[in-house]
Amino acid sequence: VKELLAGAIGKDLDRTVVRDARTQVFALPGVADVLVRGTQRSDGITLAIEITAQPTVHAITASPGITLPAEVAAANGRPLDPAGLDTITRALREQYLAKGYVDATARWTTRPAGNQVDVAIEVAPGAATVIQKVAFEGNAHAKTADLEKAIAGDVAPGTPWSQPHVEHAQQLVMAYYYDHGYINVAVTLPAPSATATFEIKEGDQFRVGKLSIKDASPADEKKWLALLGVKKGDVFKRS
């Protein structure tokens, strides 16, 4: 702590430096709170830094059926680590989200245990959502089978609802349309349900108009345009 404020000694009081140092002190292991007091003296200001230590952990328990990471046991007898516990609970929740438990929650609480604290990690998975059917609405110019194939790696019947995979599938549907000239396509993200329904507004199909290469000689332009493999009148294909 003294090292963090060593540069302030002998200088005019700079509250920004003190606030930054307080933030760094607060981030040190085992620190629960930091209070800085200044006392004016004849030869300057004396800063008194009062630190409230984190209580030590007596034991960590979890909801029935929840397996905690091995490193949790090593926390017993050590100062409470809120950031570490946040990381553990977040990881537990993400494990359930990946299995389709879209309403899963995870939190940790403490209660006194003598001069220590007991930590309880509570996980409430809720009900799992499994995709039973994939549907598309508004795909007048795209076959359902082609769209199903495009997103099969992320969303398919029998797979648990995973928000990152559903969002990626939404992008894949749009990519399919971009490669078929529908550059103004809009695809609505489905809500968690046994039926994943993608609502599509296709818009107009576009074709390639004039092709040119800026600042190229006529000979180079002709050569380079030939390398593109794209000609006027082709359906626009982003890829």
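All values derive from a computational prediction rather than experimental measurement.
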Using a 4.5 Å cut-off on heavy atoms from C-beta on, say whether the side chain of Pro29 contacts that of Gln54.
no

Under the ring-ring contact (aromatic ring centres under 6.0 Å, His included) test against Phe136, which residue among Phe198, Tyr176, Tyr177 passes?
Phe198

Distance-only donor-acceptor pairs under 3.5 Å for side chains of residues 140-153, two or more places apart:
residue: His141; atom: ND1; partner: Glu202; partner atom: OE1; Å: 2.6
residue: Thr144; atom: OG1; partner: Asn139; partner atom: ND2; Å: 3.2

Starting from Val18, can I reach Val31 by hopping between I/L/V/M/F/W/Y residues whose side chains sit under 4.5 Å apart?
yes

ILVMFWY cluster, Phe26 and Leu85 together (side-chain gap under 4.5 Å):
no

Expected output: side-chain Gln205 to main-chain His180 donor-acceptor under 3.5 Å
yes

Pairs flagged by salt bridge (charged side-chain N to carboxylate O under 4.0 Å, His left out) wherever residues 28-39 is involved - sequence neighbours left out:
Arg22-Asp33, Arg37-Glu50

Test Ile121 against Ile66 for side-chain contact (heavy atoms from CB on, under 4.5 Å), laying out the working first.
CA-CA 9 Å; Ile121 297 178; Ile66 302 300; 5.7 Å; no

Quick one: list whatever passes salt bridge (Lys or Arg N to Asp or Glu O under 4.0 Å) with Arg238, sequence neighbours left out.
none

If you round to the nearest 0.5 Å, how far is CZ of Arg15 from CG of Asp12?
11.5 Å

Of all heavy-atom pairs linking Pro79 and Gly30, the shortest is CB-CA, 3.7 Å

If hydrophobic clusters are built from ILVMFWY residues whose side chains come within less than 4.5 Å, do Leu68 and Tyr101 share one?
yes

What heavy-atom pair brings Ala169 and Asp154 nearest, and what distance separates the two atoms?
CB-CB, 4.2 Å

Check whether Ser63 reaches the backbone of Val123 with its side chain - one donor and one acceptor, N or O, closer than 3.5 Å.
yes

Verify same cluster id: Ile49, Leu13 (apolar side-chain graph, 4.5 Å)
yes

Taking every heavy atom of Val155 against every heavy atom of Ala196, the minimum-distance pair comes out as CG1-CB, 4.3 Å

When rounded to the nearest 0.5 angstrom, what distance separates CD1 in Ile45 from NZ in Lys11?
15.0 Å

All N/O donor-acceptor pairs, side-chain side in residues 91-99, below 3.5 Å, sequence neighbours left out:
residue: Arg93; atom: NE; partner: Ala104; partner atom: O; Å: 2.8

Let me check something: any side-chain donor-acceptor pairs from residues 106-113 under 3.5 Å, sequence neighbours excluded? List them with distances.
residue: Arg107; atom: NE; partner: Glu122; partner atom: OE1; Å: 3.0
residue: Arg107; atom: NH2; partner: Glu122; partner atom: OE1; Å: 3.1
residue: Trp108; atom: NE1; partner: Asp86; partner atom: OD1; Å: 2.8

Val119 side chain reached by Thr61 side chain, heavy atoms, under 4.5 Å:
no

Closest non-hydrogen contact found for Pro55 with Val117 is CG-CG1, 3.7 Å

Would you kindly confirm whether Leu80 and Val34 end up in one hydrophobic cluster when ILVMFWY residues are joined by side chain heavy atoms under 4.5 Å apart?
no

Linking Ile, Leu, Val, Met, Phe, Trp and Tyr through side-chain heavy atoms less than 4.5 Å apart, which residues share a cluster with Val235?
none

Not counting sequence neighbours, which residues clear salt bridge (Lys or Arg N to Asp or Glu O under 4.0 Å) with Asp81? List them please.
none

Heavy-atom side-chain contact between Val57 and Arg78 under 4.5 Å
no

Nearest 0.5 Å, what's the OH-OG distance between Tyr178 and Ser239?
13.0 Å

With heavy-atom distances below 4.5 Å as the criterion, would you say the side chains of Val36 and Leu47 are in contact?
yes

Atom CG of Asp204 and atom CD1 of Ile183: how far apart are they, to the nearest 0.5 Å?
9.5 Å

Strictly by ring-ring contact (aromatic ring centres under 6.0 Å, His included), give each pair with a member in residues 42-94 just once, sequence neighbours left out.
none

Going by the rule salt bridge (Lys or Arg N to Asp or Glu O under 4.0 Å), which residues pair with Arg41 if we only count those two or more places apart in sequence or in a different chain?
none

Mind checking who shares a hydrophobic cluster with Leu227, ILVMFWY linked at side-chain heavy-atom distances under 4.5 Å?
Val208, Leu211, Ile213, Trp224, Leu225, Leu228, Val230

Linking Ile, Leu, Val, Met, Phe, Trp and Tyr through side-chain heavy atoms less than 4.5 Å apart, which residues share a cluster with Val17?
none

For the student: nearest non-hydrogen atoms of Ala75 and Ile60, plus distance:
CB-CD1, 3.9 Å

Determine whether Val25 and Ile51 make a side-chain contact, defined as any pair of heavy atoms from C-beta on separated by less than 4.5 Å.
yes

Can Val72 and Ile88 be said to form a side-chain contact (heavy atoms from CB on, under 4.5 Å), step by step?
CA-CA 9 Å; Val72 169; Ile88 291 170; 3.6 Å; yes

Checking Asp220 against Ser217: is there a side-chain donor and acceptor pair closer than 3.5 Å?
yes

Kindly check if the number of other-residue, nucleotide or ligand heavy atoms within 6.0 Å of CD (Glu3) is above 12?
no

Going by heavy atoms in the side chains, are Pro190 and Val166 under 4.5 Å from each other?
yes

For the residue pair Val134 and Ala156, what are the closest heavy atoms and their distance?
CG2-CA, 4.1 Å

With the side chain counted from C-beta on, respond yes when Gln171 and Glu167 share a heavy-atom pair under 4.5 Å apart, and no when they do not.
no

Listed partners of Lys231 passing salt bridge (Lys or Arg N to Asp or Glu O under 4.0 Å), at least two apart
Asp234

Looking at Thr197, is its backbone amide N or carbonyl O close enough to the side chain of Thr195 to form a donor-acceptor pair, meaning the two atoms are under 3.5 Å apart?
no

